[in-house]
Amino acid sequence: PEGAGPQSPVILFLYGYGGSFLWYQHHLARHFPKHIIICPAWGISPASIPPTYLQECLVSVQKRTGHALAKPWLLGLSAGGFGACRVANAAPDAFAGMICIAAYPLSSPVVRSNPHFIAGSEEAFVKSGYFGRTTAASKHHLIQGGDHFFLLTHPDETMTKLTEWMNAR
């Protein structure tokens, strides 16, 4: 964003599978206009993206902007949510926090890096009770009536919750 500097908030966003999800970057930029948004996407699965690759992305952005970056929030959507959980567990001190969108933790212990989970109430993993069991000890929120694409169908509630979590630190 215009006027970005070392104090600008940073989002490291891992999107899911299927098609081009570049529009998510535009959607996030509209709702977080003062944030530096980094969307690594170079032929690596967002579900199993290595923490070292994300670190390389952050270093590359620092070189390109000419200044240090604030500690980023790690946001993962769908398959990217699984990747975000893995990365946050592997490098818990690297992030201001982690938000898993439309996914859930795959391992125990649940993510150690200020974890947050948000899902649609109509997701199969929510209806089965799995989401509630695996996120009980973490900050979590359900979008009532939302399915896997609640970010599109319920954008105001979703973005309000993401903003609330990222501002609370």
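- Pairs engaging residues 44-55 under the side chain to side chain donor-acceptor pair (under 3.5 Å) rule: Tyr17-Ser45 [sequence neighbours left out].
- Residues Ile44 and Pro50 meet the side-chain proximity criterion, which asks for heavy atoms closer than 4.5 Å.
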Practice problem: Kindly indicate, with the supporting measurements, whether the criterion side chain to side chain donor-acceptor pair (under 3.5 Å) is fulfilled by His31 and Thr163. | Solution: CA-CA 9 Å; His31 290 280; Thr163 300; over 6 Å; no
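- Judged purely by atom type and a 3.5 angstrom limit, Ser121 uses its side chain to pair as donor or acceptor with the backbone of Gly145.
- Test Leu77, Leu75, Ile11 against Ile99 for side-chain contact (heavy atoms from CB on, under 4.5 Å) and you get one pass: Leu75.
- Between the side chains of Gln144 and His154, no donor-acceptor pair of N or O atoms lies under 3.5 Å.
- Considering only heavy atoms from C-beta on, Lys161 stays 4.5 Å or farther from Ile143 through its side chain.
- Considering only heavy atoms from C-beta on, Phe13 stays 4.5 Å or farther from Leu74 through its side chain.
- Screening residues 45-70 for salt bridge (Lys or Arg N to Asp or Glu O under 4.0 Å) gives no qualifying pairs among residues at least two apart or on separate chains.
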Quiz item: Given the rule in the side-chain contact (heavy atoms from CB on, under 4.5 Å) test, do Phe82 and Leu14 qualify, once you have shown the distances and angles that lead to the verdict?
Solution: CA-CA 9 Å; Phe82 298 126; Leu14 305 178; over 6 Å; no
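- Nearest heavy-atom pair across Gln25 and Ile37 is NE2-O, 3.7 Å.
- The closest side-chain heavy-atom distance from Pro40 to Leu54 is below 4.5 Å.
- At distances below 3.5 Å, at least one donor-acceptor pair connects side-chain atoms of Ser128 with backbone N or O atoms of Tyr130.
- Two residues are said to be in side-chain contact when any heavy atoms from C-beta on lie closer than 4.5 Å; Pro1 and Ile36 meet this criterion.
- The closest donor-acceptor contact from the side chain of Lys71 to the backbone of Gly97 lies at 3.5 Å or more, if one exists at all.
- Looking at heavy atoms from C-beta onward, Leu162 lies out of side-chain contact with His116 at the 4.5 angstrom threshold.
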Self-check item: Verdict with reasoning, Trp73 to Leu12, per side-chain contact (heavy atoms from CB on, under 4.5 Å)
Solution: CA-CA 6 Å; Trp73 270 88; Leu12 185 56; over 6 Å; no
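- Gln62 places a side-chain N or O within donor-acceptor distance of the main-chain N or O of Leu69, the cut-off being under 3.5 Å.
- Using a 4.5 Å heavy-atom cutoff, the side chains of Cys85 and Met98 are in contact.
- For His140 and Trp165, the gap between ring centers reaches or exceeds 6.0 Å.
- Taking the side chain as every heavy atom from C-beta outward, Pro115 and Lys139 never approach each other to under 4.5 Å.
- Ring to ring, Tyr104 and Phe117 are not that close: their centroids are 6.0 angstrom or more apart.
- Using modelled atom types, one side-chain atom of Arg133 and one backbone atom of Gly129 make a donor-acceptor pair closer than 3.5 Å.
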Exercise. In sequence, state the C-alpha distance, the side-chain angles, and the governing distance for His35 and Val10, and then conclude on side-chain contact (heavy atoms from CB on, under 4.5 Å).
Key: CA-CA 5 Å; His35 288 64; Val10 178; over 6 Å; no
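- Among residues at least two apart or in separate chains, salt bridge (Lys or Arg N to Asp or Glu O under 4.0 Å) pairs with a member in residues 115-130 are Glu122-Lys127.
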